[in-house]
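What follows is a short report on a single structure.
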There are 2 protein chains.
Amino acid sequence: MSQGWRYGDAMAARVTLQTIADRVGVSRMTVSNAFSKPDQLSVPLRQRILAAAQELGYVGPDPAARALAKGTTGAVGVVFTHSLRFAFTDLVATGFLGAIAEELAPTGLSLTLLTSSDDGDIVPARDVAMDGALVYSCDWTSRAVDFLHRRRLPLVYVDQDPVDDIPSVNVDDRSGARAAARHVLDLGHRRIGLLLSGTHGPYGLLDDPGVVDGHSSRQRLLGWLDEFGPAGVEVMSARQDGTGLEQARWGARLLLDRPDRPTAVLCFSDAVAYGVLQVAAELGIEVPRQLSVVGFDDNPLATQVRPTLTTVRQDIAAKGRAAAATLTATIARAKAGTSAPAEHVLLPTELVVRESSGPVNPQ
Amino acid sequence: MSQGWRYGDAMAARVTLQTIADRVGVSRMTVSNAFSKPDQLSVPLRQRILAAAQELGYVGPDPAARALAKGTTGAVGVVFTHSLRFAFTDLVATGFLGAIAEELAPTGLSLTLLTSSDDGDIVPARDVAMDGALVYSCDWTSRAVDFLHRRRLPLVYVDQDPVDDIPSVNVDDRSGARAAARHVLDLGHRRIGLLLSGTHGPYGLLDDPGVVDGHSSRQRLLGWLDEFGPAGVEVMSARQDGTGLEQARWGARLLLDRPDRPTAVLCFSDAVAYGVLQVAAELGIEVPRQLSVVGFDDNPLATQVRPTLTTVRQDIAAKGRAAAATLTATIARAKAGTSAPAEHVLLPTELVVRESSGPVNPQ
DNA sequence: CAAACCTTCTTGACCGGTACAGAAGACGTG
DNA sequence: CACGTCTTCTGTACCGGTCAAGAAGGTTTG
């Protein structure tokens with residue numbers, strides 16, 4: 001266990017490669033090699049050097065210095081628009097990050113979480129050292145993302161409008177949303193509510209889907225409209241101002257607490273759908289007899305609530321793995337100086353029918 | 001929005017402070033000040049420098065170089081024994097990390113997640129640049145933690161045996177466990193099962209509580225035994241080999257699927273208790289009529305399951321905030337060179353009685 | 001009017017490593 | 001024995017910044 005180090009002598013002269021070199025009587029470079037390129041020197045000498053290092057309390061090359069000299073830090077960033085709290089609260093986000101962490105582990109890369117905040121003294125996207133970054137579901141007007149680009153960092157976009165030069169990983173939100181829409185149409189629903197989440201923006205979103213921010217939100221909405229437009233059904237929408245449960249409930253109430261309420265509600269996410277189920281229960285509306293509810297994501301929540309949620313599955317773990325793999329590949333390519341056309345991964349979605357949806361008005 | 005950068009010219013000569021200095025016709029230092037110490041130069045000159053920087057596509061001082069020169073990185077680490085997947089799966093861990101992230105946000109510090117793995121080429125705890133680290137619920141035999149110490153990094157121990165020189169944040173696990181134990185004693189239970197979780201180790205843990213790894217596990221077990229020892233009750237224990245739900249179920253079955261099964265089970269965590277509830281239901285054992293179950297943590301899960309869980313609450317968000325605050329304070333102190341006695345925070349716990357516990361054998 | 005002071009900018013050293021070319025010795029070879 | 005080749009180690013030039021002390025000029029002050 002821990003010994004050889006002590007506290008209270010914080011002011012002790014720092015031990016560097018040179019300290020050890022002097023002690024052993026070799027050049028600084030040889031000591032460096034003893035740590036970083038073991039095959040570049042004889043075994044006995046290396047032993048002596050390592051022993052001296054141990055004795056002097058030297059742990060290994062200073063990471064910051066090494067980062068500067070090698071141009072490599074051993075860490076990659078993940079950038080969110082949302083506050084980081086979200087990264088640990090939302091089940092979809094945690095699933096995603098967990099998969100990334102798992103995929104990254106064998107590479108030895110560490111994961112640094114960044115917000116896209118750019119007020120304040122330190123702007124992480126500009127001031128934190130990293131080898132590359134995942135841009136996850138970010139507001140694309142964000143200055144933080146712009147910093148990342150200008151730093152010429154290897155980037156991968158996830159749940160983000162693809163850009164030609166930047167590798168991206170997305171799920172086929174639009175097809176998934178279409179499948180959900182067809183599902184309720186097939187069940188006979190003709191008065192349909194749509195419930196999005198987002199951080200801000202006007203409400204008449206059906207007039208201009210482009211105004212919805214967030215790539216996924218936009219694509220899912222477009223998918224719904226792909227089907228509903230031609231079918232000529234009556235569509236009503238609400239949009240809550242935030243991603244919390246409270247916001248979802250607020251939106252749900254807007255949609256359900258009225259005489260001409262929809263017979264089916266499509267939700268941007270399972271988390272939102274959960275809010276709808278709660279509100280429906282409170283209003284005494286039976287699901288699925290009087291109301292069909294369809295979520296999105298196939299969040300673990302979807303099978304925990306009653307009735308279980310009909311939803312559109314995306315393989316969030318696969319998304320995380322793909323994102324991590326693409327990023328490491330992009331970093332490797334940048335390091336090697338080779339350039340290849342950016343890869344754009346599109347993962348499939350799949351409608352999962354459970355208990356929360358059913359035919360309209362059954363006797 | 002993004003413009004001014006392009007891809008494909010990755011090999012373009014790097015723009016550094018010197019490039020800009022030459023362009024504007026000032027010294028490198030002045031350019032540095034333009035970015036890092038705006039009040040050290042005249043406003044018009046600063047404007048010219050910033051304009052030139054913009055034009056040349058210079059984003060700001062290189063983080064790695066700055067880190068070396070200033071001795072500050074702008075990131076702090078969190079070290080786990082468990083795989084990082086755990087950090088995103090376990091509700092207690094995510095709550096903790098979320099609170100840390102929130103507390104850290106205004107300071108501008110980024111959060112780097114590290115595993116304590118020390119095989120492989122890169123050993124994060126040794127090779128990643130950071131200003132300090134939180135050691136969270138780590139196996140104390142871990143070499144990673146030893147590296148952190150030898151690097152003289154400011155550290156804070158969380159859910160870890162306190163060490164004199166190292167600031168720590170803990171919850172009063174032992175008192176909490178005692179309260180839980182008293183609770184079931186008061187309800188008349190005399191045949192009691194204990195269910196721990198852990199990563200490895202022998203099973204006869206009642207003979208030697210010290211062998212239980214994990215500070216919290218150990219303290220909770222000790223708290224239970226504090227009460228049960230003197231009361232002379234019959235105690236049976238099981239210990240699952242891991243932290244997943246499957247392991248919890250396995251341990252629960254060991255305890256419940258036998259004729260002399262306990263009338264009450266105390267669990268190391270709510271996650272474990274959840275497994276017990278499942279197994280009890282499968283075996284047709286009614287909770288709380290035939291079996292009382294007590295969890296620990298007051299995980300959100302505790303109020304979602306039926307019956308709701310009697311448990312010992314710890315304020316996980318407060319723990320996260322305290323940990324982050326203590327760490328930033330410790331870092332500040334280290335930077336200032338001042339030394340003060342290490343602070344040891346102990347947060348309270350509180351028994352929360354809900355539906356899963358009741359008197360033994362009621363008619 | 002000279003001494004004391006700002007403000008603004010420059011100079012040189014240093015942070016702690018790594019890359020790369022080359023020197024010195026050991027070894028096989030024709 | 002001269003020569004090419006390895007292996008092992010050294011010297012020097014970076015990596016891209018920041019720090020601390022000082023110089024140059026303009027202002028206040030006694």
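In what follows, every heavy atom counts, from backbone to side chain, and hydrogens, waters and symmetry copies are set aside. So that the names make sense, note that chain A is the first sequence line, chain B the second, and so on, each numbered from 1.
- What separates CZ of B/Arg66 from C1' of C/dG16 is a distance of 18 Å, to the nearest Å.
- Considering only side-chain atoms of A/Asn33, the nucleotide from C/dG17, D/dT10, D/dG16 that sits closest is D/dT10.
- Residue contacts for A/Thr30: at a heavy-atom cut-off of 4.0 Å it reaches a base atom on one of the strands shown.
- Counting to the nearest Å, the P atom of D/dG16 and the CG atom of A/Asp62 are 17 Å from each other.
- Although no hydrogens or angles enter the test, the distance criterion places a donor-acceptor pair under 3.5 Å between the side chain of B/Asn170 and the main chain of B/Gln160.
- At distances below 3.5 Å, not a single donor-acceptor pair connects side-chain atoms of A/Asp131 with backbone N or O atoms of A/Val76.
- Of the candidate nucleotides C/dG16, D/dG17, C/dT11, C/dG16 has the atom nearest to the side chain of A/Thr16.
- Dashed line: the shortest gap from a side-chain N or O of A/Tyr58 to OP1 or OP2 of C/dG16 is not under 4.0 Å.
- Distance CG/A/Leu327 to CD1/A/Ile100: 8.5 Å, rounded to 0.5 Å.
- Atom-to-atom, CG of A/Leu68 to P of C/dG16 comes out at 12 Å; the value is rounded to the nearest Å.
- Remark: P of C/dT8 and CZ of B/Arg48 are 14 Å apart, rounded to the nearest angstrom.
- Rounding to whole angstrom units, CE of residue B/Met29 and P of C/dC9 are separated by 13 Å.
- Rounded to a whole Å, the CD atom of A/Gln18 is 13 Å from the P atom of C/dT18.
- Between B/Val43 and B/Ala69, the residue whose closest nucleotide on DNA chain C is further toward the 5' end is B/Val43.
- Contacts of B/Leu41 with the nucleic acid, taken as non-hydrogen atoms under 4.0 Å apart, involve only primed sugar atoms and P, OP1 or OP2.
- With distances taken from any side-chain atom of B/Ser42 to the nucleotides C/dT8, C/dT11, D/dC9, the minimum falls on C/dT8.
- No hydrogens or angles were tested; on distance alone, a donor-acceptor pair under 3.5 Å links the side chain of A/Arg28 to the base of C/dT18.
- Between the side chain of B/Arg151 and the backbone N or O of B/Ala125 there is at least one donor-acceptor pair closer than 3.5 Å.
- Side-chain proximity of B/Ser27 to C/dA19, C/dT11, D/dT10: nearest is C/dT11.
- Each of B/Val26 and A/Leu17 was assigned the nucleotide of DNA chain C with the nearest heavy atom; the assignment lying further toward the 5' end belongs to B/Val26.
- A/Lys37 has its NZ atom 9 Å from the C1' atom of C/dC20, to the nearest Å.
- Taking atom CZ of B/Arg14 as the reference point, atom C1' of D/dC15 lies 9 Å away to the nearest angstrom.
- Using cut-offs of 30° and 60° on the angle between ring planes, the pair B/Tyr136 and B/Phe80 is perpendicular.
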